[in-house]
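Notes follow once the structure below has been shown.
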Protein chains: 2
Amino acid sequence: MAYEDKLFAALADPTRRAIFEHVAGRRQSVAELARVMPVSQPAISQHLKVLKEARLVRDEASGARRIYSIDPEGLGPLRAWLDRFWSDQLAAFKAVVETADDS
Amino acid sequence: MAYEDKLFAALADPTRRAIFEHVAGRRQSVAELARVMPVSQPAISQHLKVLKEARLVRDEASGARRIYSIDPEGLGPLRAWLDRFWSDQLAAFKAVVETADDS
DNA sequence: ACTTATAATAAGTCATGGCTTATGAAGATA
DNA sequence: TATCTTCATAAGCCATGACTTATTATAAGT
C-alpha cells in the first residue's frame, strides 16, 4: 500500500481522527485514550497502529505504559497534496479573471 | 453523516482520488473518465456521486453528457482542518524553543 | 422512427475494516 | 513470588463499500 494511501485512509475514520486530535492536543497513554473514547482499549491500540504506520503519531515507552504523541511531520504530505490543487485552482481562477478582462 | 466525515471518506479511496485529480486537471465527462480509468462507467458514476456529495466536484449538463469539474471551495474545509494542527504544532514548537532558552 | 451514445440506478458479489472478547507479554507494586 | 496494570495481538463477527453486469432514461445522429 502506497504511503499516501495510508495517510488518507488513516484519516478517513472519525474515531481515528478523534484519537489523533486528542493526541495532538496532549501526548498521552493508551489507557487515557481508552478512558475518554467510546471504544475498547484494543480498538484504541488498533487505531494507533494505523496512525503510526501513516506517520501521524509516534510512540515512546514509559514503564508499562506507552505514550503516544503527534508526529510533527506527519501532516506534511497532506498539506503538499492539498497545495497542489490550491495553486492549480488559483491559476485557474486567475485565468478566468484575465479572460473576463479581455471582454 | 457529518460533512467533514464525508469529505475525508471521499478522499480515502485511491480510485476516487485519481478521478478527482483528473477532473481537477481538466473538466470532463463521465465517458472520458471511464476511458482512462481502469474501472467501469457505473463505478465512475458512483465515485462522482460521492465526490459531489463531499462538494469536491460539480456537474453540469451538456447534451447527453454531463461535465464534471472541480468545486473550488471543496478543499477549503480540509485546509481549515489541517491548519488547526499546523498552528498547534507551531505553538508547541515555539514553546519548546522558549523553554530551551530558559536553560 | 431507429439506432447509437451517454450516464444514472438497481441488484448482487466479495473484500475490507472496525469492533468485540479472550489472551498473553512485560513492567510496576506489594 | 504473586498480583495488578498496561498494552498488543489473535480470532471472529458484522456492516460497509467498491466493484461488477443488467437495465433504463435521455439526448443525438442517421
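Side chains are part of it too, since the values below use all heavy atoms of this structure and drop only hydrogens, waters and symmetry mates. Predicted model only: the values in this text are computed from it and were never measured. Below, chain A is the first sequence line, B the second, and so on; all start at residue 1.
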Item to complete: For A/Ala43, report the nucleic acid contact type (base, sugar-phosphate, nothing); a contact means any heavy atom under 4.0 Å.
Response: base
Worksheet item: If you count the non-hydrogen atoms of other residues, nucleotides and ligands that lie under 6.0 Å from CZ in A/Arg55, is the total more than 12?
Response: no
Discussion item. Just the rounded figure in Å: distance from P of C/dA7 to CD1 of B/Ile19.
Written reply: 13 Å
Worksheet item: At their closest point, which heavy atom of B/Val23 faces which heavy atom of B/Tyr68, and how far apart are they?
Response: CG1-O, 3.6 Å
Worksheet item: CZ of B/Arg66 versus P of D/dA27: gap in Å, rounded?
Response: 10 Å
Response to the item:
5'-most contact on DNA chain C (nearest-nucleotide basis), B/Lys49 vs A/Ala12, goes to B/Lys49
Worksheet, complete the sentence: Between A/Ile67 and A/Ser29, the two heavy atoms sitting closest are CD1-CB, 4.0 Å
Worksheet item: Between A/His22 and A/Gln28, which heavy-atom pair has the shortest distance, and what is it?
Response: O-NE2, 3.1 Å
Fill in: d(CD1, B/Ile44; P, C/dT9) in whole Å
15 Å
Worksheet item: Roughly how many Å is it from NZ in A/Lys6 to C1' in C/dG17, rounded to a whole number?
Response: 15 Å
Item to complete: Enter the inter-axis angle for the ends of the helix from C/dA1-D/dT30 to C/dA30-D/dT1 (five pairs per end, rounded to 10°).
Response: 20°
Between protein and nucleic acid, restricted to nucleotides 13-18 of chain D and to nitrogen or oxygen atoms under 3.5 Å apart, what atom pairs and distances do you find?
residue: D/dA18; atom: OP2; partner: B/Arg16; partner atom: NH1; Å: 2.8
residue: D/dA18; atom: OP2; partner: B/Arg16; partner atom: NH2; Å: 3.4

Fill in: B/Arg58 and B/Asp71 ion-paired at < 4.0 Å
yes
Discussion item. Counting only heavy atoms not in B/Arg66 (residues, nucleotides, ligands), do more than 12 fall under 6.0 Å from its CZ?
Written reply: yes
Worksheet item: Whole-Å distance between C/dT6 C1' and B/Ile67 CD1?
Response: 10 Å
Fill in: Whole-Å gap separating P (D/dA8) and CG (A/Asp59)
7 Å
N/O-N/O pairs, protein side and nucleotides 23-29 of chain C side, under 3.5 Å:
none

Discussion item. Please tell me if A/Ser40 has a side-chain N or O lying less than 4.0 Å from either OP1 or OP2 of C/dT20.
Written reply: yes
Discussion item. If you count heavy atoms of other groups shown closer than 6.0 angstrom to CD of A/Glu21, is the number above 12?
Written reply: yes
Validation: residues 43-50 of chain A side-chain donor-acceptor distances under 3.5 Å, sequence neighbours left out:
residue: A/Ser45; atom: OG; partner: A/Gln41; partner atom: NE2; Å: 3.1
residue: A/His47; atom: ND1; partner: A/Arg16; partner atom: NH1; Å: 3.4

Item to complete: Apply side-chain hydrogen bond (donor to acceptor under 3.5 Å, both in side chains) to B/Lys52 and list each qualifying residue two or more places apart in sequence or on a separate chain.
Response: B/Asp59
Worksheet item: For D/dT6, does either OP1 or OP2 sit under 4.0 Å from a side-chain N or O belonging to A/Tyr68?
Response: no
Item to complete: Whole angstrom is fine here: how far is it from CG in A/Leu48 over to P in C/dG18?
Response: 13 Å
Discussion item. List the residues meeting salt bridge (charged side-chain N to carboxylate O under 4.0 Å, His left out) with A/Glu4, not counting sequence neighbours, and say none if there are none.
Written reply: B/Arg17
Worksheet item: Do you know the tightest heavy-atom contact between A/Leu56 and A/Phe20?
Response: O-CE1, 3.5 Å
Item to complete: Determine, stepwise, if the pair B/Arg26 / B/Glu32 fulfils salt bridge (charged side-chain N to carboxylate O under 4.0 Å, His left out).
Response: CA-CA 11 Å; B/Arg26 184 175 62 84; B/Glu32 283 178 294; 3.4 Å; yes
Fill in: Nucleotide D/dC4, atom P - distance to CZ of A/Arg65 in whole Å
17 Å
